[in-house]
Protein chains: 2
Amino acid sequence: MVNIQQGTEEKILSAAKTVFHRKGYEGARMQEIADEAGINKALLHYYFRSKERLFEAVFSDAFTQLMGQAKEIFFSEKPLNDKIQSFLTHYLDVITENSYIPWFILNGMYERPGQMKTIFEQSEINPLQLMEHLRAQIRKEYHSDVNPLHVWLNILSLCIFPVVAKPLIREIFQLPEEVYQQILDQRKTEVPRFIANALKAYENPEENIHNESSREENS
Amino acid sequence: MVNIQQGTEEKILSAAKTVFHRKGYEGARMQEIADEAGINKALLHYYFRSKERLFEAVFSDAFTQLMGQAKEIFFSEKPLNDKIQSFLTHYLDVITENSYIPWFILNGMYERPGQMKTIFEQSEINPLQLMEHLRAQIRKEYHSDVNPLHVWLNILSLCIFPVVAKPLIREIFQLPEEVYQQILDQRKTEVPRFIANALKAYENPEENIHNESSREENS
DNA sequence: ATAAGGTTTAACCGATTGGTCAAAATTATA
DNA sequence: TATAATTTTGACCAATCGGTTAAACCTTAT
């Protein structure tokens with residue numbers, strides 16, 4: 001009984017993931033999800049009560065899949081260069097299987113902002129601890145007091161944006177899928193190198209508003 | 001007659017922009033656009049025939065507004081550092097008035113990929129020329145043969161992603177609107193500096209697949 | 001064999017949606 | 001002033017949508 005029950009529920013989640021990932025909450029149709037799962041539409045409500053709850057289940061899974069391992073990577077003791085390369089490798093592996101995941105997560109923040117809050121509360125990410133860890137690492141490896149939030153934003157930007165913007169960039173440059181994939185593969189080494197070079201030459205910025213507003217610590 | 005006609009059409013475009021920017025194609029309602037414009041819903045079809053055509057008109061305007069001046073900036077003879085700062089200043093000014101524009105454009109590529117093609121064909125962007133211009137400039141200013149597409153992707157990533165991901169980052173870090181705005185303002189100088197530092201120390205990558213696949217030119 | 005519980009289904013519902021239309025109102029022209 | 005052209009409107013349409021329900025079916029327990 002348990003096996004059969006989990007079978008249907010997991011089929012629904014897998015189908016919902018496929019449809020929500022490509023079309024977002026508003027664009028997804030419950031009938032399409034049911035068709036994808038090979039079941040009657042009423043079963044969607046039997047197991048998940050509503051479209052919204054089904055979406056939240058899918059979003060939570062996606063966020064965990066993308067950011068869960070990122071936490072381990074960034075809290076490890078590896079050099080920053082290695083961390084970035086590990087994160088990019090992990091991230092691009094996730095993207096290979098779920099190419100819509102970054103757009104899906106960003107889109108979820110726009111379509112259902114209120115509902116996403118509880119998912120982050122459950123994600124156990126401690127951003128301030130992450131910033132402190134990053135700050136200490138930058139000091140040790142690059143002798144710089146740069147605001148770690150900017151560095152972290154730069155790392156995320158360089159890793160995630162080229163994937164999210166893939167349809168746009170491919171259209172502008174008329175690039176085939178496999179050429180763009182090669183470019184993304186190259187970035188596994190390009191991005192860590194770019195960041196390492198930037199940090200090597202970094203000078204302390206004149207002011208540091210993030211520190212002023214969130215944590216009183218200065219050295 | 002002409003004045004009155006343009007008045008209604010422009011009211012529709014302004015209202016459509018407001019609604020499409022926030023809710024995307026699927027989430028926007030024609031009745032809501034009509035309400036926003038203060039007119040009867042049938043007029044939307046009288047002037048634009050369909051929801052899709054109205055969306056395309058709005059998308060085209062948005063793309064021109066965001067990337068039109070970027071072309072001038074990047075084809076100018078200014079130093080690269082100044083170009084990036086100008087682009088960021090322009091970009092953040094556009095964002096101040098239309099905060100959803102970057103997401104709207106990226107999202108448009110996912111929601112209506114087919115329809116966006118004609119808009120790029122009309123945009124008169126010559127990406128290969130832009131890449132050559134950038135390559136020459138990097139050689140002259142930084143004595144590097146780095147693939148300009150990577151540099152350009154890096155510039156776009158660092159400029160655009162923090163705006164697109166604003167809801168996500170603010171949620172993760174629990175940042176108030178004005179604190180995040182200050183962070184974005186800081187990036188007007190942080191990003192050009194980060195890029196300049198990275199380029200100063202750049203070493204030529206071992207392989208260069210973009211060149212292999214699109215242009216046979218090597219030095 | 002029967003009962004209970006869980007799963008599944010076809011049919012249905014009310015609400016919403018993009019789009020249409022004939023007529024009225026307004027504006028422009030002769 | 002009369003007519004033509006354009007703009008605007010209220011009413012309406014068919015299709016779609018998320019969700020519900022009673023009944024049938026299947027599995028498990030007694």
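All chains are named by letter (A, B, ...) in the order of the sequence lines, taking the proteins before the strands, and each is independently numbered beginning at 1.
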(Q) If the condition is side chain to side chain donor-acceptor pair (under 3.5 Å), which residues does A/Thr18 pass it with, not counting sequence neighbours? (A)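 So A/Thr18 forms no side chain to side chain donor-acceptor pair (under 3.5 Å) with any residue.
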Q.
Which residues pass the side chain to side chain donor-acceptor pair (under 3.5 Å) test with A/Glu178, not counting sequence neighbours?
A.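 Testing A/Glu178 for side chain to side chain donor-acceptor pair (under 3.5 Å), a comparison that skips the adjacent residues, returns none.
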Separation of [N] [atom2] from [X] [atom1] (nearest whole Å):
X: A/Tyr46; N: C/dA10; atom1: OH; atom2: P; value: 17 Å
X: B/Arg112; N: C/dG18; atom1: CZ; atom2: C1'; value: 12 Å
X: B/Phe48; N: C/dT20; atom1: CZ; atom2: P; value: 16 Å
X: B/Leu54; N: C/dT17; atom1: CG; atom2: P; value: 16 Å

Of all residues at least two apart in sequence or in a different chain, which pass the side-chain contact (heavy atoms from CB on, under 4.5 Å) check with [X]?
X: A/Pro167; result: B/Met109, B/Tyr110
X: A/Asp61; result: none
X: B/Thr189; result: B/Gln85

Using a 3.5 Å cut-off and no angle test, enumerate the donor-acceptor pairs between side-chain atoms of residues 93-107 of chain B and protein atoms at least two apart in sequence or in another chain.
| from | atom 1 | to | atom 2 | distance (Å) |
| --- | --- | --- | --- | --- |
| B/Thr96 | OG1 | B/Leu92 | O | 2.7 |
| B/Asn98 | OD1 | B/Lys17 | NZ | 3.3 |
| B/Tyr100 | OH | B/Arg22 | NH1 | 2.7 |
| B/Asn107 | OD1 | A/Trp103 | NE1 | 3.1 |
| B/Asn107 | ND2 | B/Glu111 | OE1 | 2.9 |

Q: Assert yes or no for the condition that the ring centre distance of A/Phe74 to A/His133 is strictly below 6.0 Å.
A: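 When the ring centroids of A/Phe74 and A/His133 are compared, they turn out to be at least 6.0 Å apart.
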Q: Tell me which residues in residues 13-21 of chain A put a heavy atom below 4.0 Å from DNA chain C, sorted by number, or none.
A: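 Hits under 4.0 Å, by residue number: none.
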Q.
Tell me which residues in residues 32-40 of chain B lie within less than 4.0 Å of DNA chain C, going by non-hydrogen atoms.
A.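 Close to the strand, none.
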Can you give me the N/O atom pairs linking the protein to nucleotides 16-19 of chain D at distances under 3.5 Å, or say none if there are none?
| from | atom 1 | to | atom 2 | distance (Å) |
| --- | --- | --- | --- | --- |
| D/dC17 | OP1 | A/Arg29 | NE | 2.2 |
| D/dC17 | O5' | A/Arg29 | NE | 3.2 |
| D/dG18 | OP1 | A/Ala28 | O | 3.3 |
| D/dG18 | OP1 | A/Lys51 | NZ | 3.0 |
| D/dG18 | OP2 | A/Met30 | N | 3.0 |
| D/dG18 | N7 | A/Lys41 | NZ | 3.3 |
| D/dG19 | OP2 | A/His45 | NE2 | 3.1 |
| D/dG19 | OP2 | A/Lys51 | N | 2.8 |
| D/dG19 | O5' | A/His45 | NE2 | 3.3 |
| D/dG19 | N7 | A/Lys41 | NZ | 2.9 |
| D/dG19 | O6 | A/Lys41 | NZ | 2.9 |

Per-pair distances, 0.1 Å, donor-acceptor, side chain in residues 27-38 of chain A, under 3.5 Å, sequence neighbours excluded:
| from | atom 1 | to | atom 2 | distance (Å) |
| --- | --- | --- | --- | --- |
| A/Arg29 | NH1 | A/Glu26 | O | 2.9 |
| A/Gln31 | NE2 | A/Asp35 | OD1 | 2.9 |
| A/Glu32 | OE1 | A/Lys23 | NZ | 3.2 |
| A/Glu32 | OE2 | A/Lys23 | NZ | 3.2 |

Q: For A/Arg187, check salt bridge (charged side-chain N to carboxylate O under 4.0 Å, His left out) against everything at least two apart and list the hits.
A: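 Here no residue qualifies.
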Q. Residues two or more places apart in sequence or in another chain: which of them pass salt bridge (charged side-chain N to carboxylate O under 4.0 Å, His left out) with A/Glu177?
A.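 A/Glu177 satisfies salt bridge (charged side-chain N to carboxylate O under 4.0 Å, His left out) with A/Lys166, A/Arg170 once adjacent residues are dropped.
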**Q.** Side-chain N,O (A/Thr8) to OP1/OP2 (C/dT8) below 4.0 Å
**A.**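 Answer yes for this pair, as a side-chain N or O of A/Thr8 is under 4.0 Å from OP1 or OP2.
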Q. Phosphate oxygens OP1/OP2 of D/dT8: is one of them under 4.0 Å from a side-chain N or O of B/Tyr47?
A.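 Affirmative; the distance criterion is met.
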Q: Quick one: sort the B/Phe55 and B/Tyr25 rings into parallel, tilted or perpendicular, breaks at 30° and 60°.
A: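 Taking B/Tyr25 first and then B/Phe55, their aromatic rings stand perpendicular (interplane angle over 60°).
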Q) From C/dT20, D/dT8, C/dT8, pick the nucleotide closest to the side chain of A/Leu43? A)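 For the A/Leu43 side chain, the nearest candidate turns out to be C/dT8.
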